[in-house]
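These notes concern the structure reproduced below.
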2 protein chains.
Amino acid sequence: MTEPGPGGESLLFLTDEQLRKGIEAMFFAYRGFTADPDRILDGMDYGRAHHRAIHFIHRSPGTTVNNLLNILGVTKQSLNRVLRTLIDDGLVESRVGKQDKRERHLHLTSKGLELERQLSDAQRARMRAAYRAAGPQAVQGFRTVLEAMMDPEMKRQYQTLKEGGA
Amino acid sequence: MTEPGPGGESLLFLTDEQLRKGIEAMFFAYRGFTADPDRILDGMDYGRAHHRAIHFIHRSPGTTVNNLLNILGVTKQSLNRVLRTLIDDGLVESRVGKQDKRERHLHLTSKGLELERQLSDAQRARMRAAYRAAGPQAVQGFRTVLEAMMDPEMKRQYQTLKEGGA
DNA sequence: CTTGGAAAGTCAACAAGGCTGACGTAACTT
DNA sequence: AAGTTACGTCAGCCTTGTTGACTTTCCAAG
């Protein structure tokens, strides 16, 4: 069933074949997406989980642990393991909240900022190259489809972050 | 440096801010992308690794273990563990090569095809919804950017698969 | 025919990074 | 005073990745 015609290029009626290509594009592209930071982190004592924590602390300085938990979608035990090493190594600073002293507000130290820059430089370079190669229209479409693929909850997170910058 | 102007919408000169949004879009969208199959697999004895193996065996029936290794980018030991359970459970059949009897050619059994369909139905449904919501132009751009983000090696794999269907 | 090397499989050990469950403490809320 | 929230932590488990070493099978070159 849903046999496509003779390999047509029309994107209007979505064949399983076209959807499968989209699925594989996501798979292979995500590999590229993580490859550069992974390469940098390999050899350090850190991994992708540390990268994610650093990224989101950087983009929302002063965020609480709970906040980060929701964004990353992992358990506190899992995050804690990662966070502890980052704090111990002096990349992340954990400040007791002023209003609510139960909360810990997370910030990158200068050392943390340095690693963040290294990692995001690499990732941005690839993204920039892809954007340039594809052109502005493609970029628009890229973001539109990705946004439509997110779970509503994640989309909310994404958009909050998107607007919410300082 | 690279300070953006007043939150402009121009995609022509790529600010770090715009690139960061692209990076986070990839992160959150990939979560959505894997969420449905993960949900299905949760409770079975299988995980994402099994899904990937099943997917690529389905799309290239008769592929060899080595071939699969290259596509998935893992070690043979890692793949073997996954493959063995799938073979033992009767989802995958491993046939000794006719030309080269060292090779094993992998096929899904009817039971394997059943699970494949279940998984890809879920994943395609999300992809279809996203495509529909975004429109044909966006889809074009989506695929263009993803392709530009792949490592050359992965891109080759992707395109080989893309054209190479039976 | 023998031998070298490729392809495949297997065993063992280990690490990262998820998870659950249980427990403790401090601080805020009612 | 009691309950809830935020955080940290201990212990143990699972999946999926890794290396290294070794065997079996088989093709192909000498």
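Every chain is numbered from 1, with letters handed out A, B, ... down the list of sequences. In this text the structure is predicted, and so the values were computed from the model without any measurement.
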Exercise for the section: Please determine if a side-chain N or O atom of B:Arg104 lies less than 4.0 Å away from the OP1 or OP2 oxygen of C:dG9. Expected result: yes
Exercise for the section: Kindly say whether B:Thr15 contributes a backbone atom to a donor-acceptor pair with the side chain of B:Gln18 at under 3.5 angstrom? Expected result: yes
Completion exercise
Whichever of B:Arg84 and A:Arg52 has the more 5' nearest nucleotide on DNA chain C, that residue is B:Arg84
Exercise for the section: Specify the separation, in whole Å, of atom OH of A:Tyr46 and atom P of C:dG17. Expected result: 12 Å
Practice task
Could you tell me whether the side chain of A:Lys76 and the main chain of A:Val65 form a donor-acceptor pair under 3.5 Å?
Solution key: no
Exercise for the section: Answer yes or no: does a side-chain N or O of B:Asn66 lie under 4.0 Å from OP1 or OP2 of C:dA6? Expected result: no
Practice task
Verify, without hydrogens or angle tests, whether B:Thr85 (side chain) and B:Val82 (backbone) share a donor-acceptor contact under 3.5 angstrom.
Solution key: yes
Fill in the blank from the handout: 5'-most to 3'-most nt of DNA chain D touching chain A (<4.0 Å, heavy-atom partner on protein side) reads D:dT5 to D:dC10
Handout entry: A:Leu69 CG - C:dC19 C1' separation (whole Å)
Key = 13 Å
Exercise for the section: Indicate whether the side chain of B:Glu147 and that of B:Gln159 have a donor and an acceptor atom separated by less than 3.5 Å. Expected result: yes
Exercise for the section: In whole angstrom, give the distance that lies between atom CG of B:Asn70 and atom C1' of C:dA7. Expected result: 12 Å
Problem - Spacing between A:Asn80 atom CG and C:dC19 atom P, to the nearest angstrom - result: 13 Å
Problem - N-O pairing of B:Glu153 and B:Arg156 below 4.0 Å - result: yes
Problem - Separation of C:dA7 P from B:Leu68 CG (nearest whole Å) - result: 15 Å
Problem - Short side-chain to backbone donor-acceptor contact, A:His50 and A:Gly47, under 3.5 Å - result: yes
Exercise for the section: For B:Arg81, answer base if it contacts any base atom (sugar-phosphate contacts may also be present), sugar-phosphate if it contacts only those atoms, and nothing otherwise; contact means non-hydrogen atoms under 4.0 Å. Expected result: base
Practice task
Would you check if the side chain of A:Thr109 reaches a backbone N or O of A:Gly90 as a donor-acceptor pair within less than 3.5 Å?
Solution key: yes
Exercise for the section: For A:His50, report the nucleic acid contact type (base, sugar-phosphate, nothing); a contact means any heavy atom under 4.0 Å. Expected result: sugar-phosphate
Practice task
Spell out, as yes or no, whether a donor-acceptor pair under 3.5 Å connects the side chain of B:Asp89 to the backbone of B:Leu91.
Solution key: no
Completion exercise
Per salt bridge (charged side-chain N to carboxylate O under 4.0 Å, His left out), B:Asp36 is matched among B:Arg126, B:Arg31, B:Arg48 by B:Arg126
Completion exercise
For nucleotides 21-30 of chain C, 5' to 3', base contacts (B), sugar-phosphate-only contacts (S) and non-contacts (-) with protein non-hydrogen atoms under 4.0 Å give BB----BS--
